[in-house]
Amino acid sequence: MDRSLADPAHLRISYDRGELAEESAPAEPFALFTSWFADAVSAGLPEPNAMVLATASADGEPRARTVLLKGFKTDGFRFFTNHSSRKGRDLAANPRASLLFPWHPIHRQVIVGGSCEPLPPEESAAYFRSRPYGSQLGAWASHQSAVIADRAELENRFAESAGRWPEADSVPVPDFWGGYLVVPDYVEFWQGRPDRLHDRLRYTRESEGWLRERLAP
């Protein structure tokens, strides 16, 4: 057996796909994120908008899962989910979140940390209506994070929803579903470099702009 299969300590990769220098980095993080996100899309990464969302419960228990980024502007990063899910309950009790974009094939990652707030209902509704018909029904069928008896229970709920709303334009937005905006306090960009001497630039929000600093790898 390949030793690396039994011992992850022997799994190694050399990073050498570019550099991240202060002199070429913009003064604020959103311009750099826009450029890096375009690179991730152009590189053909599977689901380049996939991000790890970390939350904490009211008693401080950390939890993480992968969700999809559905928009970003200079005000923050958007995603959508069931408000009664575990992450929704976490955010109701502790409205702070961290995002991680793991773009491993291009030797990059981005970490975002900040406050998290519900999006206006009209913005959530606009996105919901843009979703495929099956995804709209799925939002109604899945009581996200709740224990269910088996797969059949989920499929039966989906079929019931399809019977209730047979056309895509007839599916209402669930009152338990919607979007969130992560408003960053900081954004960190990581570029893999040889010998584990990686480039890390962190942007921290200040009262009149952004502080850009290099971090040791």
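Only a predicted model underlies this, so the values are computations on that prediction, with no experimental measurement involved. Along the sequence shown, residues are numbered consecutively beginning with 1.
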Ignoring hydrogens, what is the shortest heavy-atom contact between I106 and Q191? Give both atom names and the distance.
O-NE2, 4.0 Å
Quick one: pull up CD in E47 and OG1 in T66 and give me the separation to the nearest 0.5 Å.
9.0 Å
Would you confirm whether S130, through its side chain, and Y127, through its main-chain N or O, come within 3.5 Å as a donor-acceptor pair?
yes
Roughly how far apart are F101 CZ and M51 CE, rounded to 0.5 Å?
5.0 Å
Please report the closest heavy-atom contact between F158 and L137, naming both atoms and the distance.
CE1-CB, 3.5 Å
Side chains of E61 and D90: closer than 4.5 Å at any heavy-atom pair?
no
Worked check of side chain to side chain contact (heavy atoms under 4.5 Å, CB included) between V187 and V110:
CA-CA 7 Å; V187 184; V110 180; 3.8 Å; yes
State, yes or no, whether a side-chain contact exists between L45 and W103 at a heavy-atom distance under 4.5 Å.
yes
In the structure I gave you, are the side-chain heavy atoms of F33 and Y203 within less than 4.5 Å of one another anywhere?
no
same_hphob_cluster(F176, W165) at 4.5 Å side-chain heavy-atom cutoff
yes
For W177 versus A139, what's the shortest heavy-atom pair and its separation?
CD1-CB, 4.0 Å
Could you tell me the separation between the CZ atom of R200 and the CD atom of E213, rounded to the nearest 0.5 Å?
11.5 Å
Whether W140 side chain and P172 backbone form a donor-acceptor pair below 3.5 Å:
yes
Side-chain donor or acceptor of R89 paired with backbone N/O of S84 under 3.5 Å:
yes
Please check if the number of heavy atoms outside R196 that lie under 6.0 Å from its CZ is greater than 12.
yes
Validation row: R108, L20 side chains within 4.5 angstrom (heavy atoms)
no
Just how far is it from atom NZ of K87 to atom CG of L53, taken to the nearest 0.5 Å?
7.0 Å
Between R157 and E153, is there a side-chain N and carboxylate O pair less than 4.0 Å apart?
yes
Under 4.0 Å between a side-chain nitrogen and a carboxylate oxygen: does that hold for E22 and R212?
no
With heavy-atom distances below 4.5 Å as the criterion, would you say the side chains of R131 and V171 are in contact?
no
Hey, is the main chain of E188 close enough, under 3.5 Å, to the side chain of R202 for a donor-acceptor pair?
no
Please lay out, stage by stage, how R164 and S170 fare under the test side chain to side chain donor-acceptor pair (under 3.5 Å).
CA-CA 9 Å; R164 186 176 180 184; S170 68; over 6 Å; no
Please examine the side chains of F37 and F72, heavy atoms only from C-beta on, and report whether any two atoms are closer than 4.5 Å.
yes
Backbone N/O of A152 and side chain of D150: donor-acceptor pair under 3.5 Å
yes
When you measure from the side chain of S142 to the backbone N and O of G138, does any donor-acceptor pair fall under 3.5 Å?
no
The complete set of salt bridge (Lys or Arg N to Asp or Glu O under 4.0 Å) pairs with one or both residues in residues 175-186, sequence neighbours excluded, reads R96-D185
Apply the test side chain to side chain contact (heavy atoms under 4.5 Å, CB included) to residues V112 and V182: give CA-CA distance (whole Å), side-chain angles for both, the deciding distance (0.1 Å), then the verdict.
CA-CA 8 Å; V112 178; V182 178; 4.2 Å; yes
Taking side chain as C-beta onward, heavy atoms only, is Y133 less than 4.5 Å from E167?
no
Can you confirm whether D199 sits close enough to F189 that some side-chain heavy atom of one is under 4.5 Å from a side-chain heavy atom of the other?
no
Path from W190 to L100 over hydrophobic side-chain contacts below 4.5 Å:
no
Closest heavy-atom pair and its distance - L154, I148
CB-CD1, 4.1 Å
Counting N and O atoms only, with roles assigned by atom type, does the side chain of E19 sit under 3.5 Å from a partner on the main chain of R193, one being a donor and the other an acceptor?
no
Euclidean distance, L119 CG relative to F79 CZ, rounded to 0.5 Å
8.5 Å
What closest approach, in Å, do F30 and P184 show between heavy atoms, and which atom pair accounts for it?
CZ-CG, 3.7 Å
For a quick check under 3.5 Å, do S57 and R86 share a side-chain donor-acceptor pair by atom type?
no
Ring centres under 6.0 angstrom apart (Y186, W210):
no
Interatomic distance, S161 atom OG to N156 atom CG [nearest 0.5 angstrom]:
11.0 Å
Can you name the nearest heavy-atom pair linking F77 to L99, along with the distance?
CB-CD1, 3.8 Å
Do D169 and R129 sit within salt-bridge range, that is, some charged N less than 4.0 Å from a carboxylate O?
no
Between the side chain of S85 and the main-chain N/O of S145, is any donor-acceptor distance below 3.5 Å?
no
